[in-house]
Engineer: 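One structure, pasted below without further comment.
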Amino acid sequence: MAQSSVMPGFRPTLGFAAIYLSLVVLIPLSTLVFESFKLSWDDYLHIITNRRVLSTFRVSFSTALAAASIASVFGCIVAWVLVRYSFAGKRVLHALIDLPFALPTAVAGIVLATIFQPSGFLGKLLIDTFNLQVAYKPLGIVMALIFISIPFVVRTVEPVLLEFEPAMEEAGASLGASRRQIFTKIIFPNILPALLTGFALAFARGVGEYGSVIFIAGNIPYVSEIVPLLIVTKLEQFDVEGATAIALTMLIISFVLLLLINLLQLWVRKRSGQL
Amino acid sequence: MNAIAPPLINIKNIEKPYRQQALQDPDWVRWSLIAIAVGFIFLFICLPLGLVIFQAFSKGIAAYWSALSQPDTLSALKLTLLTALITVPLNTVFGVSAAWAITRFDFKGKSILTTLIDLPFSVSPVISGLIFVLLFGAQGWFGGLLLEHDIKVIFAVPGIILATLFVTFPFVARQLIPLMQEMGNQEEEAALSLGAGGWKTFWAVTLPNIKWALLYGVLLCNARAMGEFGAVSVVSGHIRGVTNTLPLHVEVSYNDYDIIGAFAGASILAALAIVTLILKTALEWKQANR
C-alpha cells in the first residue's frame, strides 16, 4: 500500500497512539526491567533458585502443560463436531465455547472450587468412587486451566477445519484410503499447525493465570502454589525485589513463548503458500 | 429383451455411497464424538454456569436480594461500572486512532507498533498489577512525589483504573486493524476527492464500515474491564466499600465464608458474561452477513 497524500490525520492519530501506548503500556512495563537492574546477578540467582520459587515454577509449568494438552485433545473434538456435524443445540454449544473469555476469572475460580472441593458436588463423587482428591492439589489447578484453555484451542482449530477442502478427502478416498487413513494422513497433518498454535496460546495463558486458579489450588507451598500467587505473596510481605525478579523471569519466558507462537504461525503461512 | 444391451448402471448410485464413505464418519463415530464434545462442554462450562445461579439462590430469593443490596456490594458494583466507564472509551479512542494510523499510512516501525499493541495480552495479570506498584507504590519511582502531594494511586481508585487500562488495552485495536487493512482506503479517498473533510469522511464513510467490528471490540474490552481480577487485586488493597470492584468483592466474600454474598456478586458477573456472549454471537452474525 503506497502512502496516500490525500488521507488526513496521520500526525494526530499516530501521535496519540504512540503517546498513549507509551504511557499505558511501555513505561509501566519498563519499570520491571529497570527495577531488576537494582539487583546484582548473584542476588537475582539467589532469589530465583530458592526451593520454594523453583517449586512454583514447576507447578505452574507442569499444570499448564497438562491442561493445554488435555484441552487440545478435547478442543479438537469439539471443533470437529461443531464444523462437521449437525445436531440439536449446536448453536448454543458454539456460543458457549467463549464463556471462559467472557466469565470473570474470579467467578470461574469460586465455582470450580465449589464443585471440586471435598464436600462439593463432583469433589465428593470423585473421592468416594476413585479416592481422588482434586481441590488443593495440582490436579485442581489443571481443572481450572482446562476451563481457561478451551476457547484458545477450539477457536484456532475451527477456522482451519472450516476452510479445509473436502476434495482432498475425496481424492484420498478415491485412491482407496480408509476413513482412518484419511484422518491420520490428510486431515490431522492439516490441522496440526493450528492445533499447536492453540496449544501454545493456552499454555502461555495458563502459566500466567491467577484468578481461576487460586481458589481451587489451596495454595499450599511446594504442592499447589503457582508463580503468580508467589509474586502476590512476596508483594504483600513488602519483598518488592523478590516479586520483581520472579515477575521478570516469567515475563521473559512468556515473551519467548510468544515469539515461538509467531514463528509457528509464520511457518504455517509459508507452508500453505500464503506468503 | 436385447441380450447385448449393457446393464443399466446409474453412476449417481455408485457415487453417492462412495462419496458418503469418503466424507462422512460412521454413525457410531459421529455420535460418540458428539457425546464427548457435549459432555466435555457440559462439565467444564454449563455446570459451572448453572452452579453460580444455584449457589446464589440456595438460601432463597430474600437472602440473595439482601446480599446484593448490602452497601459493600453496591459500592463494588459502582466502582466496577466507573472503571469500565473510564477505561473502555479511552481504549476505544486509542484503538480507532491506532488502526487509522496503521492501516491508512506507511511509516517506519509500523510492524513494531502493531506487535507492541498486543503486548498486554502476553503479560500475566499479576505482573500487570505489579508494574503499577513499582511505579506508584510507596517505594515506587513516583511514590515519594505522590506522597508529598497527598495523592493515592496504589490501594486507591486511580491504580485500579490504570491496571484495567493496561489489561484491556489491545481489544479494540486488534479487532479494527485487520478489518481496516482488508477494506483498503478507496472509499475514503473517493469521499475526500469529492470534497468531504477528514472528520466527515471518518463519520460518514469509515465508521459505518467498521461499526460492527468496533462494537465487537468494545464489547470484549468492556467484559474484561468489568471482570478483571488479578491485576486489580494487586493494586487495590481490598478495602471494603472503597477499592473493591465486584470481582474483588466476590473474592473477599468467598474467603469470609459468605457464600451467598460471593455467589450473589458472581451471579451479576455471570449475567454480564452471558449478555456479552449473546451480543457477541449477534455481532458475529451481523458481520458474516455484511
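All values below were derived from every heavy atom in this structure, side-chain atoms included, with hydrogens, water molecules and symmetry-related copies excluded. Proteins get letters first, then strands, A, B, ... in listed order; numbering begins at 1 in each. As the structure is a computational prediction, the values presented were derived from the model and not from experiment.
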Engineer: Can you tell me which portion of B/Ser233 sits under 4.5 Å from chain A's heavy atoms? Options are side chain, backbone, both or neither.
Structural biologist: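 Looking at B/Ser233, just its side chain touches chain A.
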Engineer: For chain A, which of B/Leu192, B/Ile278, B/Thr281 has the most heavy-atom pairs under 4.5 Å?
Structural biologist: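 Highest number of heavy-atom pairs under 4.5 Å: B/Leu192.
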Engineer: For A/Leu29, which atoms come within 4.5 Å of any heavy atom of chain B: side chain, backbone, both, or neither?
Structural biologist: both
Engineer: Run the numbers on A/Trp80 and B/Ile34 for side-chain contact (heavy atoms from CB on, under 4.5 Å), then give the verdict.
Structural biologist: CA-CA 9 Å; A/Trp80 176 264; B/Ile34 291 176; over 6 Å; no
Engineer: Indicate yes or no: at least one non-hydrogen side-chain atom of A/Leu14 is less than 4.5 angstrom from one of B/Leu113.
Structural biologist: yes
Engineer: Determine the minimum heavy-atom distance between B/Ser97 and A/Thr13, stating which atoms define it.
Structural biologist: O-CB, 3.4 Å
Engineer: Restricting to non-hydrogen atoms, name the atom on B/Ser124 and the atom on A/Gly208 that form the minimum distance, rounded to 0.1 Å.
Structural biologist: OG-O, 2.8 Å
Engineer: Please look at A/Leu201 and chain B and tell me whether the side chain, the backbone, both or neither of the residue comes under 4.5 angstrom of a heavy atom of that chain.
Structural biologist: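 Interface part for A/Leu201: neither.
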Engineer: Go through A/Ala18, A/Pro228, A/Ser254 and name the one with the most non-hydrogen pairs under 4.5 angstrom from chain B.
Structural biologist: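 Option with the greatest count: A/Pro228.
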Engineer: Please classify the contact between A/Arg91 and chain B as side chain, backbone, both or neither, with a heavy-atom cut-off of under 4.5 Å.
Structural biologist: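 Just the side chain, heavy atoms under 4.5 Å.
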Engineer: For A/Ala204, which atoms come within 4.5 Å of any heavy atom of chain B: side chain, backbone, both, or neither?
Structural biologist: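 Contact with chain B is absent: no heavy atom of A/Ala204 under 4.5 Å.
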Engineer: Which one wins on heavy-atom pair count under 4.5 Å against chain A: B/Val123, B/Thr115, B/Val38?
Structural biologist: B/Val123
Engineer: For B/Gln139, which atoms come within 4.5 Å of any heavy atom of chain A: side chain, backbone, both, or neither?
Structural biologist: side chain
Engineer: Looking at CZ of A/Phe34 and CH2 of B/Trp141, how far apart are the two atoms once the value is rounded to the nearest 0.5 Å?
Structural biologist: 5.5 Å
Engineer: What distance separates A/Ile115 CD1 from B/Leu47 CG, expressed to the nearest 0.5 Å?
Structural biologist: 4.0 Å
Engineer: Which atoms of B/Phe166 come close to chain A, meaning under 4.5 Å heavy atom to heavy atom: side chain ones, backbone ones, both, or neither?
Structural biologist: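 Interface part for B/Phe166: both.
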Engineer: Taking the side chain as everything from C-beta on, heavy atoms only, tell me whether A/Thr114 gets closer than 4.5 Å to B/Phe263.
Structural biologist: yes
Engineer: How many angstroms lie between NE2 in A/His94 and CD1 in B/Ile41, if you round to the nearest 0.5 Å?
Structural biologist: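 It is 11.0 Å, given to the nearest 0.5 Å.
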Engineer: Out of A/Arg205, A/Glu236, A/Glu35, return the one with the most heavy atom pairs under 4.5 angstrom to chain B.
Structural biologist: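 Maximum pair count with chain B is reached by A/Glu35.
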Engineer: How long is the span from the CZ atom in A/Phe121 to the CG atom in B/Leu51, to the nearest 0.5 Å?
Structural biologist: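 Here the rounded value is 8.5 Å.
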Engineer: Name the region of A/Val240, side chain, backbone, both or neither, that has any atom closer than 4.5 Å to a heavy atom of chain B.
Structural biologist: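 Only the side chain of A/Val240 comes within 4.5 Å of chain B.
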Engineer: Any non-hydrogen side-chain atom of B/Glu251 less than 4.5 Å from a side-chain atom of A/Phe215?
Structural biologist: yes
Engineer: Show the nearest heavy-atom pair for residues A/Leu96 and B/Ile45, with the distance to one decimal.
Structural biologist: O-CD1, 3.4 Å
Engineer: Counting only heavy atoms closer than 4.5 Å, note whether A/Val78 contacts chain B via side chain, backbone, both or neither.
Structural biologist: both
Engineer: Taking all non-hydrogen atoms of both residues, which atom of B/Trp100 and which atom of A/Pro8 are closest, and how far apart?
Structural biologist: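 Nearest pair, atom of B/Trp100 first, then A/Pro8: NE1-O, 3.0 Å.
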Engineer: Of all of B/Cys46, B/Gly265, B/Pro48, B/Gly95, which one pairs up most often with chain A through heavy atoms under 4.5 Å apart?
Structural biologist: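 Answer, by heavy-atom pair count under 4.5 Å with chain A: B/Pro48.
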Engineer: Determine whether the aromatic ring centres of B/Phe44 and A/Phe74 lie less than 6.0 Å apart.
Structural biologist: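 That pair fails the under 6.0 Å test.
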Engineer: Heavy-atom pairs under 4.5 Å with chain A are the metric here; pick the option from B/Glu284, B/Glu228, B/Lys280 that has the most.
Structural biologist: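 Winner by heavy-atom pair count: B/Lys280.
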Engineer: Just wondering, are more than 12 heavy atoms of other shown residues or ligands nearer than 6.0 Å to CZ in A/Phe87?
Structural biologist: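 Correct, the count exceeds 12.
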Engineer: Counting only heavy atoms closer than 4.5 Å, note whether A/Phe147 contacts chain B via side chain, backbone, both or neither.
Structural biologist: both
Engineer: With a 4.5 Å limit on heavy-atom distance, are the side chains of B/Leu49 and A/Val111 in contact?
Structural biologist: no
Engineer: Take A/Tyr85 and B/Trp31 through the side-chain contact (heavy atoms from CB on, under 4.5 Å) test and state the conclusion after the steps.
Structural biologist: CA-CA 9 Å; A/Tyr85 305 149; B/Trp31 289 113; over 6 Å; no
Engineer: With only heavy atoms counted, which part of A/Phe101 is less than 4.5 Å from chain B, the side chain, the backbone, both or neither?
Structural biologist: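 For A/Phe101, no heavy atom lies under 4.5 Å from chain B.
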Engineer: Could you point out which residue of A/Thr31, A/Leu251, A/Leu235 forms a side chain to side chain contact (heavy atoms under 4.5 Å, CB included) with B/Leu130?
Structural biologist: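 The residue from A/Thr31, A/Leu251, A/Leu235 that satisfies side chain to side chain contact (heavy atoms under 4.5 Å, CB included) with B/Leu130 turns out to be A/Leu235.
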Engineer: Report which part of A/Leu21 has an atom under 4.5 Å of a heavy atom belonging to chain B: side chain, backbone, both, or neither.
Structural biologist: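 For A/Leu21, heavy atoms of backbone and side chain both lie under 4.5 Å from chain B.
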Engineer: Less than 4.5 Å to any heavy atom of chain A: does that hold for the side chain of B/Leu43, its backbone, both, or neither?
Structural biologist: side chain
Engineer: Based on non-hydrogen pairs under 4.5 Å, which of A/Asn262, A/Leu257, A/Leu32, A/Ile246 is most in contact with chain B?
Structural biologist: A/Leu32
Engineer: Kindly indicate whether the side chain of B/Phe121, heavy atoms from C-beta on, has any atom under 4.5 Å from the side chain of A/Leu258.
Structural biologist: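 When only atoms from C-beta onward are counted, A/Leu258 and B/Phe121 do not touch, as no gap falls below 4.5 Å.
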Engineer: Most heavy-atom pairs under 4.5 angstrom with chain A, which of B/Val250, B/Thr276, B/Val234, B/Leu135?
Structural biologist: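 Option with the top pair count is B/Leu135.
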Engineer: Could you measure the distance from the OG atom of B/Ser122 to the CD1 atom of A/Ile253? Nearest 0.5 Å is fine.
Structural biologist: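 Those atoms lie 13.0 Å apart.
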Engineer: Mind checking whether B/Val126 and A/Leu229 have side chains closer than 4.5 Å, heavy atoms only?
Structural biologist: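 No - every pair of side-chain heavy atoms lies 4.5 Å or more apart.
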Engineer: Look up atom CG in A/Leu23 and atom CZ in B/Phe94, then write down how far apart they are to the nearest 0.5 Å.
Structural biologist: 11.5 Å
Engineer: Select one option (side chain, backbone, both, neither) describing which atoms of A/Pro12 are under 4.5 Å from chain B's heavy atoms.
Structural biologist: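 Neither the backbone nor the side chain of A/Pro12 comes within 4.5 Å of chain B.
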Engineer: Heavy-atom distance under 4.5 Å to chain A: side chain of B/Asp118, backbone, both or neither?
Structural biologist: neither
Engineer: If we define contacts as heavy-atom pairs under 4.5 Å, which of B/Val93, B/Leu219, B/Leu162 has the most with chain A?
Structural biologist: B/Val93
Engineer: So what's closer than 4.5 Å to chain A heavy atoms on B/Leu116: side chain, backbone, both or neither?
Structural biologist: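 Contact with chain A: backbone and side chain both.
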Engineer: So which heavy atom on B/Phe229 is nearest to which on A/Ala106, and how close?
Structural biologist: CD1-CB, 3.6 Å
Engineer: Relative to chain B, which segment of A/Leu248 carries a heavy atom at a distance below 4.5 Å: side chain, backbone, both, or neither?
Structural biologist: neither
Engineer: Any side-chain heavy atom of B/Leu272 within less than 4.5 Å of one from A/Leu103?
Structural biologist: no
Engineer: Tell me whether the count of non-hydrogen atoms from other residues, nucleotides or ligands lying under 6.0 Å of CD1 in B/Ile112 goes above 12.
Structural biologist: no
Engineer: Is it true that atom CD of B/Glu187 has more than 12 heavy atoms of other residues, nucleotides or ligands lying nearer than 6.0 Å?
Structural biologist: no
Engineer: Which atoms of B/Phe169 come close to chain A, meaning under 4.5 Å heavy atom to heavy atom: side chain ones, backbone ones, both, or neither?
Structural biologist: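 Side chain only.
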Engineer: Side chains of B/Phe40 and A/Val73: does their closest heavy-atom pair fall under 4.5 Å?
Structural biologist: no
Engineer: Locate the shortest heavy-atom distance separating A/Val107 from B/Val52; write the atom from each residue and the value.
Structural biologist: CG1-CG2, 4.0 Å
Engineer: Should we say atom CZ of A/Phe57 is surrounded by more than 12 heavy atoms from elsewhere, each under 6.0 Å from it?
Structural biologist: yes
Engineer: Examine whether an atom of B/Leu165 lies under 4.5 Å from a heavy atom of chain A, and if so say whether it belongs to the side chain, the backbone or both; otherwise answer neither.
Structural biologist: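 Interface part for B/Leu165: both.
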